[in-house]
Amino acid sequence: MLDRLEIKNYVLIKSLVLDFSTGFAVMSGETGSGKSIILGALGLILGEKARPDVVRQGEKEAQISALFSYNEGSQVDFFLREKGLEGEDGGLFIQRVIRQNGRSIMSINGLSVNRSDLEELGSLLVDVSSQHAHQSLLKKDVQLNLLDKASHAQALLDEYREAYNAHKDALRDKKRLEEENDKILQELDYIRFCLDEMEKADPKPGEDEKLSEELGRISQAENLTQSLEETIALLRGGMEEGALSILSRAENAISKAVKADSTLEEYASRIEAAGIDLDDLASSLREYLSSLTFSEEELEEKSSRLALLQRLKKKYGGSLEALCEKREIYRKRVDSADNFEGILKDAQKKIDLTQARLSDLASSLSQKRRISAASLESTITENLHELGLSDAVFRIEITQTEASVNGMDDVVFTLSANKGEKAGPVSHVASGGELSRIMLAVKSALSSVDEVGTLLFDEIDAGLGGHAANAVAQQLEKLSSTHQVIAITHLAQIASRAGTHFRVSKKEEDGRTISTIEEIEGEERIKEIARLLSGEVSDIAMEHARSLLEV
């Protein structure tokens, strides 16, 4: 609901603040007084394109701001949460600044937004019906959405959309499998050759490092053997006396000393232990030396194996780990190609199952829509008759189409406004005045389910008078019990039904013309309604105006 509208330096408006405190407000005034200017300013708040000539002459920028209220859980609430634009206490503040160069600065609750965001939010806040404004009622998706609301089909539609997404996923999975298989088939001979090469080699992670170490030892075998033999000779003795022999002599010598001094027994034991350790060390080195026997055949085998692994590493990823991973990938590709027919059958089975469920839900959704459409057609047609279109016939055409996220139905609102005329889509056959009344008839029929909170009607009274004018006024008043209704009107019947009445006029200030708008009550309102009735404020018109306000 629009609570407040503030306009500064916009066209002929210097400064203006409008407070909307009731559900039904009207604006009236002489032709050319500036009603369209106010409508244009509101349009900018709702995301329409801005022109640089809207900035009041002599000013740097125009400013328009609006305060709306909305309900928790509504589409507006969902939009703001999704975009991270939530306000406080259900308040929504929109501001737009238009510079002299035509550029705009837009914000929602103090956060900068682009025009597409503002336009999307605007379509959820206000539905504008005029000869020149964009009409949401002309959009096919809006028509379908209105029918679904009347059908109370949201739960079924959500279930259908879930099935639709599952079917799309199944189709996408099969297409991906086919594309992957086509690619695999093109490369299959090469993959099989590479896999055979890798399977024959049968590499093991870390094998190359182990072989390199072994070959390193083999290449140093001669030096290693010579060093170990020399070490063993020094321990055990050879051409010369060894460490063990010398240690044995030291043991004999200290034994003699122990006989003379028993306190030397500890040292004798230590020499004996050292001899045992050295003897064990010499035996271990001899055993290791005996293991260093490599044949030329073994050397050649290990060298060939390492060369093979190095070649495969270079070809398939740079390491044995990468080589082994590549082998697993190729195994899976070959298995997939060999088993593709079965995999494809499973994918097609999934498609068939999701298609069957999708078709069943689409059929149920379509049936629900058709049942609701018949009732809605009758109600809207009756409303149109009451609104002065006595020969109008309103129809909702539903035709089957390809599956989409909204079902398998194409919905078009059609109208035959006069007898003998062929019915056609509302977007093609309705005039501006007729479209306003169609909008009113539809909104009245769907008032309990339509979430757009504010309805603005411009020139809804075009071509109306007498009974039809009274019917339009009654419909607007009735609609204002569930929606905020703002009407720009030239009809006293409509103006007299409103809870708030604004008068738009022009005046001169400091040598310049400005448009002003003020809320009028009491005698001033009676005078304005009298002017709407007769074009002048006469006693008879005043009396008639009072009678209208008392109804």
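This chain uses plain numbering: 1 for the first residue, then up along the sequence. Only a predicted model underlies this, so the values are computations on that prediction, with no experimental measurement involved.
- Summarising the geometry, atom CD1 belonging to I343 is positioned 6.5 Å from atom CG belonging to L177; distances are rounded to the nearest 0.5 Å.
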- Query: Should S404 and N406 be marked as a side chain to side chain donor-acceptor pair (under 3.5 Å) after you check the CA-CA gap, both sets of side-chain angles, and the distance that decides it?
  - Reply: CA-CA 5 Å; S404 72; N406 292 317; 4.8 Å; no

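- Annotation for L365 and A153: closest pair CD1-CB, 3.9 Å, computed over non-hydrogen atoms.
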- Is there a side chain to side chain donor-acceptor pair (under 3.5 Å) between S505 and T516 once you walk through the steps? CA-CA 5 Å; S505 60; T516 64; 3.2 Å; yes

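- The distance from the OH atom of Y70 to the CZ atom of F78 is 13.5 Å, given to the nearest 0.5 Å.
- To the nearest 0.5 Å, atom OG of residue S366 and atom CG of residue D409 are 3.5 Å apart.
- Here the side chain of T381 pairs no donor or acceptor atom with the backbone of S378 at under 3.5 angstrom.
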- Assess whether side-chain contact (heavy atoms from CB on, under 4.5 Å) is satisfied between V504 and I488, documenting all intermediate values. CA-CA 10 Å; V504 184; I488 297 175; over 6 Å; no

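- E402 is linked by a side-chain contact (heavy atoms from CB on, under 4.5 Å) to nothing, counting only residues two or more places apart in sequence or in another chain.
- For the pair V26 and R497, the minimum side-chain heavy-atom distance is 4.5 Å or more.
- The two residues A487 and L476 have their closest heavy-atom pair at CB-CD1, 4.4 Å.
- In this structure, S416 contributes its side chain and E421 its backbone to a donor-acceptor pair below 3.5 Å.
- Contact of the D77 side chain with the N71 side chain is not registered, since no non-hydrogen atoms from C-beta on lie closer than 4.5 Å.
- Using a distance-only test at 3.5 Å, with no hydrogens or angles considered, a donor-acceptor pair links the side chain of S444 to the main chain of L440.
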- Message: Could you walk me through whether L344 and E178 satisfy the side-chain contact (heavy atoms from CB on, under 4.5 Å) test, starting with their C-alpha distance in whole Å, then the side-chain angles of each, then the deciding distance to 0.1 Å, before giving a yes or no?
- Response: CA-CA 8 Å; L344 196 60; E178 290 173 336; 3.9 Å; yes

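- Sorted by first and then second residue, the side chain to side chain donor-acceptor pair (under 3.5 Å) pairs involving residues 92-107 (not counting sequence neighbours) are E61-R99, R96-S104.
- A side-chain contact (heavy atoms from CB on, under 4.5 Å) with K527 is found for one member of E524, R525, R531 and no other, namely E524.
- A salt bridge between E119 and K49 is absent, with no side-chain N of the basic residue lying under 4.0 Å from a carboxylate O of the acidic one.
- Here the CG atom belonging to L353 is positioned 11.0 Å from the NE2 atom belonging to H167, to the nearest 0.5 angstrom.
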- Task: Decide side-chain contact (heavy atoms from CB on, under 4.5 Å) for H501 and E521; before the verdict, give the C-alpha distance in whole Å, the side-chain angles of both, and the deciding distance to 0.1 Å.
- Result: CA-CA 7 Å; H501 191 157; E521 297 175 319; over 6 Å; no

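- The closest side-chain heavy-atom distance from R369 to D148 is below 4.5 Å.
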- List the steps and the verdict of side chain to side chain donor-acceptor pair (under 3.5 Å) for N470 and Q474. CA-CA 6 Å; N470 288 328; Q474 290 171 5; over 6 Å; no

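- Separating the CG atom in D141 from the CD atom in Q143 is a distance of 8.5 Å, to the nearest 0.5 Å.
- For F20 against A25, the heavy-atom pair with the smallest separation is CD2-CB, 4.0 Å.
- Taking a 6.0 Å sphere around CD of Q348, one finds it holds more than 12 heavy atoms contributed by other residues, nucleotides or ligands.
- Scanning all heavy atoms of the two residues, the minimum distance from T454 to L2 falls at OG1-N, 3.4 Å.
- Here the rule is side-chain contact (heavy atoms from CB on, under 4.5 Å) with V442, and of L376, L146, N383, T379 only L146 fits it.
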- Query: Where do F394 and V426 land on the side-chain contact (heavy atoms from CB on, under 4.5 Å) test, with the steps shown first?
  - Reply: CA-CA 9 Å; F394 182 86; V426 167; 4.3 Å; yes

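- Between S364 atom OG and K368 atom NZ the span is 9.0 Å, to the nearest 0.5 Å.
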- Message: Could you walk me through whether Q355 and S359 satisfy the side chain to side chain donor-acceptor pair (under 3.5 Å) test, starting with their C-alpha distance in whole Å, then the side-chain angles of each, then the deciding distance to 0.1 Å, before giving a yes or no?
- Response: CA-CA 6 Å; Q355 177 65 65; S359 297; 3.0 Å; yes

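- Side-chain contact between Y10 and I37 is present, with at least one heavy-atom pair separated by less than 4.5 Å.
- Looking only at side-chain heavy atoms (C-beta outward), K350 and D173 come within less than 4.5 Å of each other.
- When every heavy atom of E59 is checked against every heavy atom of V55, the shortest pair comes out as O-CG1, 3.4 Å.
- Shown here are the side-chain contact (heavy atoms from CB on, under 4.5 Å) partners of E6, two or more places apart in sequence or in another chain: R4, K8, V17, S65.
- What you find for Q57 and R512 is that their closest heavy atoms are O-NH2, 3.1 Å.
- In terms of modelled atom types and a separation under 3.5 Å, the side chain of N109 and the main chain of F93 share a donor-acceptor contact.
- You'll find the side chain of D19 stays beyond 4.5 Å of the side chain of T500, heavy atoms only.
- Residue-environment remark: CD (E523) exceeds the threshold of 12 foreign heavy atoms within 6.0 Å.
- A donor-acceptor contact shorter than 3.5 Å links the side chain of K35 to the backbone of G29.
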